[in-house]
A.B. asks: 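Input: one structure, supplied below.
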Amino acid sequence: MYVTHDPSTGRTDREYEQTEDVDAILSTVTEGFTAWRATEVSERARILLAIADAFEEHQEELGKAITTEMGKLPAQARGEVALAASIYRWYGEHGPALLESDTLDVPDARLNRVTYEPVGPLVGIMPWNYPYYQVARFAAPNLLLGNTIVLKHASICARSSAAIEKVQRGAGLPEDAYVNVYASSDTVAEMIADPRIKGVSLTGSEGAGAAVATVAAKNLKPSVLELGGSDPLVVLDADDLDELVETVGRARLSNCGQACNSPKRIFVPAQMKDDFVGRLKNLYEELAVGPAADEGTELGPLSSEDARDGVVEQVQRAAEQGATLVTGGAAIDRPGAFMQPAVLTDITPEMDAYREEIFGPVAMVYGYDSVDEAVRIANDTPFGLSGSVWGTDVDRASEVAERLEVGMAYVNEHGTTMPGLPFGGVKRSGYGRELGRWGLTEFANVRLQRVH
């Protein structure tokens with residue numbers, strides 16, 4: 001069921017009926033595609049700018065919706081709304097120039113021209129952890145390109161997904177260019193298989209990605225997958241260890257640790273490990289954990305009690321397998337989806353936690369004796385979304401960052417996302433890219449016209 005359930009209180013607010021009329025939905029976006037693709041790019045860009053304005057105008061109410069739905073702290077919720085607005089604005093401002101045709105200097109022809117054309121209706125399958133941002137990453141470039149969209153959001157994001165559709169329509173986006181649906185997995189699979197759908201983008205778990213990719217491949221449809229991550233953060237040295245721990249420790253807990261590109265595995269020199277872990281332990285034990293909307297809360301709930309219980313189980317299993325649980329890791333005995341933030345160390349390859357993603361407020365700290373050892377362990381993971389290297393010598397840190405097997409590598413920051421930067425990973429973190437000029441061509445017909 002699609003429900004609005006507040007993880008800060010444990011109470012369900014409302015249930016929503018699922019949409020099952022696949023033919024009507026697909027007919028709507030198919031008919032809408034004819035008109036939307038014929039709309040001038042400048043007009044599509046104008047509408048994206050209007051959507052950006054509307055997101056900014058309704059920032060407070062949009063933020064409150066996801067604070068209630070999935071427990072995001074208000075400041076982070078408002079920040080996410082602003083980030084989504086910036087993506088629509090970036091494509092509205094920069095997208096038309098990126099879609100201009102290219103002339104190729106290839107001999108024996110009067111003209112070699114490449115144009116970027118829309119392919120048709122797309123299905124987007126989005127997760128709950130960043131309800132506005134991740135929709136914007138997919139929707140903004142494809143709406144500018146001229147594709148139409150069926151958007152299936154996570155079942156706990158019924159309220160915010162409806163709000164997105166309402167905001168877009170209020171800004172002038174035609175009703176048949178973007179349709180929000182409350183659909184089951186079986187219904188979505190039926191949509192992807194339908195010949196009217198020309199591609200699918202999913203952000204979510206490995207299992208969901210494999211299922212969607214299978215249906216897409218069987219029906220010869222392109223897909224973009226942004227899946228899990230177990231990002232490494234490698235510390236080389238630090239001028240101020242307290243400042244480093246504050247920055248890195250809080251980065252791990254952003255969105256209650258529920259981010260694919262969160263710095264989940266932290267590598268520090270062996271001689272620094274005890275000091276680092278001691279300071280991190282103090283930071284996590286002093287954090288104010290409570291309802292997301294309460295003033296002074298520093299760490300809110302996880303998205304649901306089930307999500308919380310899964311993370312607690314992972315921490316307990318790591319400890320049972322021999323890892324050191326420095327602090328936290330237990331569910332908090334109160335209504336809602338709360339747990340104590342945790343620090344794990346002494347994790348070895350025989351343990352599940354060595355290679356699995358822990359999607360919650362858990363920092364895994366490794367001590368290393370050489371940079372080669374740190375890089376080897378950092379890359380010894382099925383994931384490859386992003387990673388970072390921190391140090392006082394930027395050139396040395398950059399050299400180490402180049403050795404990380406990831407789609408996005410950072411130096412002295414982690415997980416930065418901006419509209420003009422590509423977003424995506426390698427290995428089991430998925431394939432394809434979103435944002436920037438790269439997000440405009442994943443579902444484009446890169447069309448050659450040659451005149452002899």
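Since we're looking at a predicted model, the values are computed, not measured. Below, all heavy atoms of this structure are taken into account, side chains as well, without hydrogens, waters or symmetry copies. In what follows, residues are counted from 1 in the order of the sequence shown.
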A.B. asks: Please check if the side chain of S86 supplies one atom and the backbone of L83 the other of a donor-acceptor pair under 3.5 Å.
C.D. replies: yes
A.B. asks: Would you say the side-chain atoms of R265 pair up with the backbone N or O of L233, donor to acceptor, closer than 3.5 Å?
C.D. replies: no
A.B. asks: Show the numbers, then the answer: is there a side-chain contact (heavy atoms from CB on, under 4.5 Å) between T68 and D13?
C.D. replies: CA-CA 9 Å; T68 299; D13 177 57; 5.7 Å; no
A.B. asks: Do side-chain atoms of R428 reach the backbone of G384 as a donor and acceptor pair under 3.5 angstrom?
C.D. replies: no
A.B. asks: Hey, are E80 and K72 close enough for a salt bridge, meaning a charged N less than 4.0 Å from a carboxylate O?
C.D. replies: yes
A.B. asks: Is any side-chain heavy atom of V29 closer than 4.5 Å to one of I149?
C.D. replies: no
A.B. asks: Centres of the Y366 and F267 rings: under 6.0 Å?
C.D. replies: yes
A.B. asks: Going by distance alone, is a donor N or O of one side chain under 3.5 Å from an acceptor N or O of the other, for Y116 and E100?
C.D. replies: no
A.B. asks: How are the rings of H94 and W90 set relative to one another: parallel (under 30°), tilted (30 to 60°) or perpendicular (over 60°)?
C.D. replies: tilted
A.B. asks: Any chance you could measure I51, atom CD1, to Y178, atom OH, to the nearest 0.5 Å?
C.D. replies: 9.5 Å
A.B. asks: Can we say D352 and R317 salt-bridge, meaning some charged N sits less than 4.0 Å from an Asp/Glu carboxylate O?
C.D. replies: yes
A.B. asks: Report the C-alpha distance between Y182 and S155 in whole Å, list the side-chain angles of each, state the deciding distance to 0.1 Å, and finish with yes or no for side chain to side chain donor-acceptor pair (under 3.5 Å).
C.D. replies: CA-CA 7 Å; Y182 300 141; S155 60; over 6 Å; no
A.B. asks: Which value, rounded to the nearest 0.5 Å, describes the distance between L143 atom CG and L122 atom CG?
C.D. replies: 9.0 Å
A.B. asks: Just by distance, do the side chain of H5 and the backbone of M70 share a donor-acceptor pair under 3.5 Å?
C.D. replies: no
A.B. asks: Just by modelled atom types, is the A353 backbone N or O under 3.5 Å from a matching donor or acceptor in the Q321 side chain?
C.D. replies: no
A.B. asks: Is a side-chain donor or acceptor of T345 paired with a backbone partner of V365 at a separation under 3.5 angstrom?
C.D. replies: no
A.B. asks: Got T297 and D294 here, is their nearest side-chain heavy-atom distance under 4.5 Å?
C.D. replies: yes
A.B. asks: Report yes or no: do T392 and D237 form a side-chain donor-acceptor pair below 3.5 Å?
C.D. replies: yes
A.B. asks: Roughly how far apart are T148 OG1 and L151 CG, rounded to 0.5 Å?
C.D. replies: 12.0 Å
A.B. asks: Would you say the side chain of L344 lies within less than 4.5 Å of the side chain of L325, judging by non-hydrogen atoms?
C.D. replies: yes
A.B. asks: Pairing donors with acceptors under 3.5 angstrom, does anything connect the side chains of Y2 and S161?
C.D. replies: no
A.B. asks: Could you check if a side-chain atom of L202 sits within less than 4.5 angstrom of a side-chain atom of L227, using non-hydrogen atoms only?
C.D. replies: yes
A.B. asks: With sequence neighbours excluded, what pairs up with R334 under the side-chain hydrogen bond (donor to acceptor under 3.5 Å, both in side chains) test?
C.D. replies: none
A.B. asks: Looking at A401 and A409, what are the two nearest heavy atoms and their distance?
C.D. replies: O-CB, 3.8 Å
A.B. asks: List the atom of P263, the atom of A251, and the distance in Å for their closest heavy-atom pair.
C.D. replies: CD-O, 4.0 Å
A.B. asks: Among residues at least two apart in sequence or on other chains, which ones pass side-chain hydrogen bond (donor to acceptor under 3.5 Å, both in side chains) with D6?
C.D. replies: none
A.B. asks: Has R89 got its NZ or CZ under 6.0 Å from the middle of the six-membered ring of Y91, at an angle within 45 degrees of the ring axis?
C.D. replies: no
A.B. asks: Using 4.0 Å as the upper bound for N to carboxylate O, is an ion pair formed by E226 and R137?
C.D. replies: yes
A.B. asks: Do D380 and Y354 pass the side-chain contact (heavy atoms from CB on, under 4.5 Å) test, and can you show the C-alpha distance, the side-chain angles, and the key distance before you say yes or no?
C.D. replies: CA-CA 9 Å; D380 189 18; Y354 184 82; 2.8 Å; yes
A.B. asks: Does either side chain, that of S388 or that of H414, offer a donor lying less than 3.5 Å from an acceptor on the other one?
C.D. replies: yes
A.B. asks: Does any part of the side chain of L49, heavy atoms only, come nearer than 4.5 Å to the side chain of Y88, both counted from C-beta?
C.D. replies: no
A.B. asks: Working to the nearest 0.5 angstrom, can you tell me the gap between R433 CZ and F423 CZ?
C.D. replies: 9.5 Å
A.B. asks: State the CG-CE distance between L385 and M408, to the nearest 0.5 angstrom.
C.D. replies: 4.0 Å
A.B. asks: Can you name the nearest heavy-atom pair linking C256 to L302, along with the distance?
C.D. replies: SG-CD1, 3.6 Å
A.B. asks: Taking all non-hydrogen atoms of both residues, which atom of P74 and which atom of A292 are closest, and how far apart?
C.D. replies: CD-O, 3.0 Å
A.B. asks: With side-chain contact (heavy atoms from CB on, under 4.5 Å) as the test, would you mind laying out the steps for S230 and E356 before giving the verdict?
C.D. replies: CA-CA 7 Å; S230 189; E356 68 185 2; over 6 Å; no
A.B. asks: Would you sort out whether Y130 and T203 count as a side chain to side chain donor-acceptor pair (under 3.5 Å), showing the intermediate values?
C.D. replies: CA-CA 10 Å; Y130 289 93; T203 298; over 6 Å; no
A.B. asks: Once side chain to side chain contact (heavy atoms under 4.5 Å, CB included) is applied, do any residues pair with E69, and if so which ones, sequence neighbours excluded?
C.D. replies: T4, I66, C157, R159, S160
A.B. asks: Pairs under 3.5 angstrom only: tabulate donor-acceptor contacts from the side chains of residues 58-65 to other protein residues two or more places apart or in another chain.
C.D. replies:
residue, atom, partner, partner atom, Å
H58, ND1, E61, OE2, 3.0
Q59, NE2, R78, O, 2.9

A.B. asks: Taking the side chain from T9 and the backbone from R11, do they hold a donor-acceptor pair closer than 3.5 Å?
C.D. replies: yes
A.B. asks: Who passes salt bridge (Lys or Arg N to Asp or Glu O under 4.0 Å) against R403, sequence neighbours left out?
C.D. replies: D372
A.B. asks: Between S386 and D231, does any side-chain donor sit less than 3.5 Å from a side-chain acceptor?
C.D. replies: yes
A.B. asks: Could you tell me whether the side chain of V181 reaches within less than 4.5 Å of the side chain of H153, counting heavy atoms only?
C.D. replies: no
A.B. asks: Report the C-alpha separation of V411 and W390 in whole Å, then their side-chain angles, then the decisive distance to 0.1 Å, and conclude whether the side-chain contact (heavy atoms from CB on, under 4.5 Å) test is met.
C.D. replies: CA-CA 6 Å; V411 172; W390 298 63; over 6 Å; no
A.B. asks: Taking 4.0 angstrom as the limit, do D346 and K273 come out as a salt bridge?
C.D. replies: yes
A.B. asks: Flag the pair L73 / T67 as yes when at least one side-chain heavy-atom distance between them is below 4.5 Å, and no otherwise.
C.D. replies: no
A.B. asks: Would you say E413 and T416 are linked by a side-chain donor-acceptor pair, where the criterion is simply a distance under 3.5 Å?
C.D. replies: yes
A.B. asks: Looking only at atom types and distance, does a side-chain atom of E243 sit under 3.5 Å from a main-chain N or O of D240, one as donor and one as acceptor?
C.D. replies: no
A.B. asks: Using distance alone, with no hydrogens and no angle criterion, decide if T381 and R355 have a side-chain donor and acceptor under 3.5 Å apart.
C.D. replies: no
A.B. asks: Does any part of the side chain of F359, heavy atoms only, come nearer than 4.5 Å to the side chain of K264, both counted from C-beta?
C.D. replies: yes
A.B. asks: Could you give the distance from CZ (R44) to CG (N147), rounded to the nearest 0.5 Å?
C.D. replies: 9.0 Å
A.B. asks: When you check the side-chain N and O atoms of N142 and E442, is any donor under 3.5 Å from an acceptor?
C.D. replies: no
A.B. asks: Please identify each residue that fulfils salt bridge (Lys or Arg N to Asp or Glu O under 4.0 Å) with E405, with sequence neighbours left out.
C.D. replies: K427
A.B. asks: Could you pull out the closest heavy-atom pair between L283 and V245, with the gap in Å?
C.D. replies: CD2-O, 3.8 Å
A.B. asks: Please check: side-chain N/O of R396 versus main-chain N/O of G391, any donor-acceptor pairing under 3.5 Å?
C.D. replies: no
A.B. asks: For I347 and A323, work out which heavy atoms get closest and say how close.
C.D. replies: CG1-CB, 4.1 Å
A.B. asks: With no hydrogens and no angle check, is any side-chain donor or acceptor of Y284 less than 3.5 Å from a backbone partner on T327?
C.D. replies: no
